[in-house]
Every structure is written in structure tokens, then in C-alpha cells.
Peer 1: 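Dropping the structure in here first, questions after.
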Amino acid sequence: MLPCIGQEEARIERDKALVRFENVTFEYIRRDEEGNVDSITTALDDLSLHIKKGEFVAILGSNGSGKSTFARHINALLKPTEGKVLIAGMDTGDDDKVLDIRQHAGMVFQNPDNQIIAETIEEDVAFGPENMGVPTAEMRQRVDDALKRVGLYKKRLASPNRLSGGQKQKVAIAGILAMKPECIIFDEPTAMLDPSGRRMIVETAQKLNKKDGITIILITHNMEETVGADRIIVLEKGQIVMEGTPRQVFSKGDRLKELGMELPVVTELAQRIGLSGCVLTREEFVDAYKKALR
Amino acid sequence: MIRDITIGQYYPSESVIHRLDARIKFIGTIAYVIALFLFDTFWGFLPALFWLGMIIVLSDIPLRFIAKGLKPILFLLIFLALFNLFLTPGEVIAEWWIFKITDKGLENAGFMALRLMLLVIGSSLMTYTTTPSQLTAGMESLFKPLGVFKVPVHEVAMMMSIALRFIPILLEETDKIMKAQQARGADFESGNIFKRAKALIPVLVPLFVSAFRRAGELAEAMEARCYHGGKGRTKLHPLKFAARDYISLVLIVGFVVGMGFMP
């Protein structure tokens, strides 16, 4: 009987996962002018994966690995060709649930300019709640609260055009927060930002995860940003090729390079000069270096 | 700065007129324009001028700013006045070479110029005192009844506000593309008008491509934030009539009816 109970527990545990991909395949079908199928690109290939509530997951992969397609499945912008995606138990294929799913899982996109809709910051933050039909008094509260959390409350009446790239991304984050999501997907949010903007966004994401318990799914090119994650998932041709804690993944530097990715600079440096163990942060590097000197 | 461009030249202030509901200002402007065509003697200008003067004083907008708004139509104004002045038949009061000024012509020119000026000042007062987003919100609410005839009122209003937001972004982008093309030897400044128009093609094509790409991404971002049309939407700043709006409405009706009795 015991193994049966174990299985049952595993099933309950799995059902509790906030984001569940069950054998998901997604194909981009290109058609010519007559509507005949020209070519089929498989962006996700039989992908299964669970993300728990409160987790901070980083998704890595080179161009065309299916990262963005994966992200767009989580808030039902795309629907699987085969298989199932469940967000908080709701199937993204169910048209009645789509708005609910999008409220649960908000998404921050790459280009800061192309996701701000309104002419003032506070009106833009209110866009999501407005669509959800939140009453005005509560909306005011949500908007103020969201803007305070990203530190832009004082600028709430300004035009988004006057903000820096990093600040624009913060407006986008506030716009999601005002919808009270359980999960935020960041689709390469720092690709168009300068280093200080990058740091600002990654720190905001980490704070939201630690302080508010919001599940974060960070899709990125930049290895440094993934160091603080609970789990790293590496995608290649729509399949999971590596998975584990940052330390587990970065200790296999050769495999990462095969997949077209670089190690974080400190990790690379530590390996090159022959420090033992897998170093992830500057502090760890200093410690390991001191130890090696002794 | 190209970033600071606003459409309709909003003049920020906290005056009573600024705080009026955008719908009232819109109705008031239409009523005022109609009222300007209800009389045909100079007497009618007295109440119209008084009305306009009252709004200007209440709106806190400096006269210099208003005069600046007349500049673009100055040429049209002079042109029309001159035509009226010289080409209206009537009793000749002054004559020089082939030009004849008649009493009727003088009257017509003055009447027409005054009416046109009042028209332009009055309607620009609305854009001076109302932000573009208030204006679109007001128009959306006013035209909502047209939804019965399947007019996509909410969609048009949404398009207008998005257009307003993207004008500065696209201007900046045009500037960038022009500089990039100039760096590669493009020449926008010499040649006749056809040559110059042709030289703009390498600017317009990338601009269009990028505008479409932006539109696609924006649509995706809107969808990701639960946008599903105007149904069931609430507002952060809902339009609500205050006492001052009801008083203004009464005043506007009074003004138009009064103007109807002017000779």
C-alpha cells in the first residue's frame, strides 16, 4: 500500500503547482498565399514542467530555443497545439478562463515603450484593473500601492515619455502588480536597458519574490541575473536540456557553452584561475580566492 | 524638445474652466459655434464677445497665449478680409486704380473677420483647457449612444488615446531614422519638391515597418493585461458632473437661446 500513498502525495503535490505544462507541443505553421502549409517550426516539443507557488525560476536558452513561446503559453497568449497548460488549475484552452488566467499570471515584455498604453503613469498602471472592472475606489488604492512598491509614486502624474528605460519597465511591473497576480513572467525585461536599469529590474523582481511571495519566471540572456534564482531551466529546441539550482547548472560550464551560452563572469573567472567549487557571486569569489591564497 | 510636443496645446492650470467636465466643454464649444451663426448684425457680437471674455478671464489663460493661437490662421484671415473688402458690390466710398472699397464690402470684411476670429479663439479654448486624455474620455462618453447604431465608440476613443501616446515616440523615431540615413549620405534638403518628397521614401518605409511592429507588440501587451474591449470596463478617473457642471450647462443653454433673439 505504501508506494500507492507516495504516488497519491506526489499527485497532490503536482496539482498544487501554480504553473503546469503537461506534454506541451507548439508548432508555428507558416502558410503560403494559397493557404497550403509551407513549413512547420516546432517551438515547444513535448515539454512537461511544474513551477510551484513562490518559486523564482530563471529560463535560459539561446535564440530560437522556445523561451518566448514558453512565456506566452503561461498567460494564454498562445495555446498549445498538443498537451495542456494549467495555471492555478485552470486550463489555458478554456476560453472562459482566459481573463482569470491573465489576472493570475501577468507578463512584462522586452520593449519598455511598446507596453505602456496611457499618457500618464497612474493611468497606465490602472489599465489592467480597468479591464478587470475593479471599482474606482479600490482601483485608486491598488494603483497607489503598486506605484509605491516600485518607488514611482511621486511621479504618478508624469508622462511615461519622460522616464528612463528602467523606470518604464517599473511602470510595467506596477501595472501588473495592480492586478494582484500570483505570478509574474518577465520576458527578457532587461534586453533593452542599460546596466543600472538592469540591476533595478532584477532587484525589483527579487524583492517581489522574497517579500510578497510572488512567483517569478524570469526569461533572460544574461547569466548574472539568474544567480539569485531558486531553479534554472535551460531550453534548447523546445525541450528542457538542463535543470537545477544555479550552482548545479553553472558547474557544468562546458555543456552550457555547447548550448551557446556563457557562464557568469565571476564563475568563469574562478574556473579559469582554478578555484575549487562553483562560485556564483562576488562575495563567494572573494572568499574562495582568500581560501586559495592561504 | 521633440518629447514635449502636445496636440492641441494644453495650457496647464487649475482654473474653474480647466476643472469643468470635458463633456460640458465640448457641448459648450459646439453651442458657442452655433450661436456665432445665429445673428447677422454687429449687435450680436456684443454678447458673444462678453461670453468669450468671461471664459478667458475664468480660464486663467494669458491673452498672449491666445493671440499666438491665431497666428496660423492670420494669412487666411487677411486673405478673406481683402476679398470681401474689394469684391463686394455696393456704394463706393474709396477708389484707387482698379481697387474699389464699398460700404457693404467694409461691413462684410469686418463681420467675417470678427466671426472667424471668435470661432477660432472659442474652439481653441477647449483644447487649451482640456488634456487630450480628458477630451477622448469625454467624447467617448458623449458619443456612447451611437453604439446602438454599431458605431465602435470605445474602440475609436482607445485608438485616439493610443495615437496621442505614440506621436512623440514616432517623431523621435523619425528623427533617428533621418539621421541614420543622412549618415549614409541621404540628402533631404536640396532639389525641388518632388526630389525632396522622393528622398523621404527611405525614411517612411522603415518608419512604417517599425510602427506596425510596435502596434503588434502593443496589442499583445494589452491582451496580456486582460483587455477585451470596452465591455465591463471601469475607470480610474470616471467622468462625473459636479455642481459647477450643471450651472455651466444652464448658462450655456441660456446663452444660446439669448443669441437666438439677437438681430
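Letters A, B, ... are given to chains in the order of the sequence lines, protein chains preceding strands, and every chain is numbered from 1.
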Peer 1: Judged by modelled atom types alone, do A/Asn131 and B/Arg225 share a side-chain donor-acceptor pair under 3.5 Å?
Peer 2: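 The answer is no; no qualifying pair exists.
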
Peer 1: Counting only non-hydrogen atoms closer than 4.5 Å, does A/Asn75 touch chain B with its backbone (N, CA, C, O), its side chain (CB onward), both, or neither?
Peer 2: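 For A/Asn75, the contact with chain B is made by the side chain alone.
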
Peer 1: Drop me the distance from A/Lys79's NZ to A/Asp95's CG, to the nearest 0.5 angstrom.
Peer 2: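 Reported to 0.5 Å precision, the distance equals 4.0 Å.
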
Peer 1: Less than 3.5 Å apart, any donor N or O on the side chain of A/Glu225 or A/Thr190 sitting next to an acceptor on the other?
Peer 2: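 Side-chain D/A pair, A/Glu225 to A/Thr190: present.
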
Peer 1: Check each atom of A/Pro181 against the heavy atoms of chain B and say whether the ones under 4.5 Å are side chain, backbone, both or neither.
Peer 2: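 Neither the backbone nor the side chain of A/Pro181 comes within 4.5 Å of chain B.
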
Peer 1: Could you tell me whether the side chains of A/Thr215 and A/Glu55 share a donor-acceptor contact shorter than 3.5 Å?
Peer 2: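 No, A/Glu55 and A/Thr215 have no side-chain donor paired with an acceptor closer than 3.5 Å.
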
Peer 1: Side chain, backbone, both or neither: which part of A/Gln110 has a non-hydrogen atom closer than 4.5 Å to chain B?
Peer 2: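 Nothing of A/Gln110, per the 4.5 Å heavy-atom cut-off to chain B.
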
Peer 1: Could you pull out all residues at least two apart from A/Phe26 that satisfy ring-ring contact (aromatic ring centres under 6.0 Å, His included)?
Peer 2: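 ring-ring contact (aromatic ring centres under 6.0 Å, His included) list for A/Phe26, sorted by chain: A/Tyr28, A/His73.
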
Peer 1: Specify whether B/Phe26 and B/Phe143 have parallel, tilted or perpendicular ring planes, treating 30° as the upper limit for parallel and 60° as the lower limit for perpendicular.
Peer 2: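 It falls in the perpendicular class, over 60°.
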
Peer 1: Quick one: of A/Arg72, A/Gln103, A/Met107, A/Gln115, who has the most non-hydrogen atom pairs under 4.5 Å with chain B?
Peer 2: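 The residue among A/Arg72, A/Gln103, A/Met107, A/Gln115 with the greatest pair count is A/Arg72.
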
Peer 1: Is A/Asp187 close to chain B through its backbone or its side chain, or both, or neither, when contacts mean heavy atoms under 4.5 Å?
Peer 2: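 Neither part, no heavy atoms under 4.5 Å.
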
Peer 1: Count the heavy-atom pairs under 4.5 Å between each of A/Val98, A/Ile185, A/Ile116, A/Asp100 and chain B, then report the option with the highest count.
Peer 2: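 Of the candidates given, the most pairs with chain B belong to A/Ile116.
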
Peer 1: At a 4.5 Å cut-off on heavy atoms, which part of A/Ala137 comes close to chain B: side chain, backbone, both, or neither?
Peer 2: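 Neither part.
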
Peer 1: What part of A/Val125 gets closer than 4.5 Å to chain B, counting heavy atoms only: side chain, backbone, both or neither?
Peer 2: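 Only the backbone of A/Val125 comes within 4.5 Å of chain B.
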
Peer 1: I'd like to know whether the aromatic ring centres of A/Phe127 and B/Tyr227 sit less than 6.0 Å apart in this structure.
Peer 2: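 Yes, they do, as the ring centres are separated by less than 6.0 Å.
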
Peer 1: Given heavy-atom pairs under 4.5 angstrom as the criterion, report whether the side chain, backbone, both or neither of A/Leu77 touches chain B.
Peer 2: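 Only the side chain of A/Leu77 comes within 4.5 Å of chain B.
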
Peer 1: For the interface with chain A, which of B/Glu220, B/Lys231, B/Met158 has the highest count of heavy-atom pairs at distances below 4.5 Å?
Peer 2: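 Of the candidates given, the most pairs with chain A belong to B/Glu220.
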
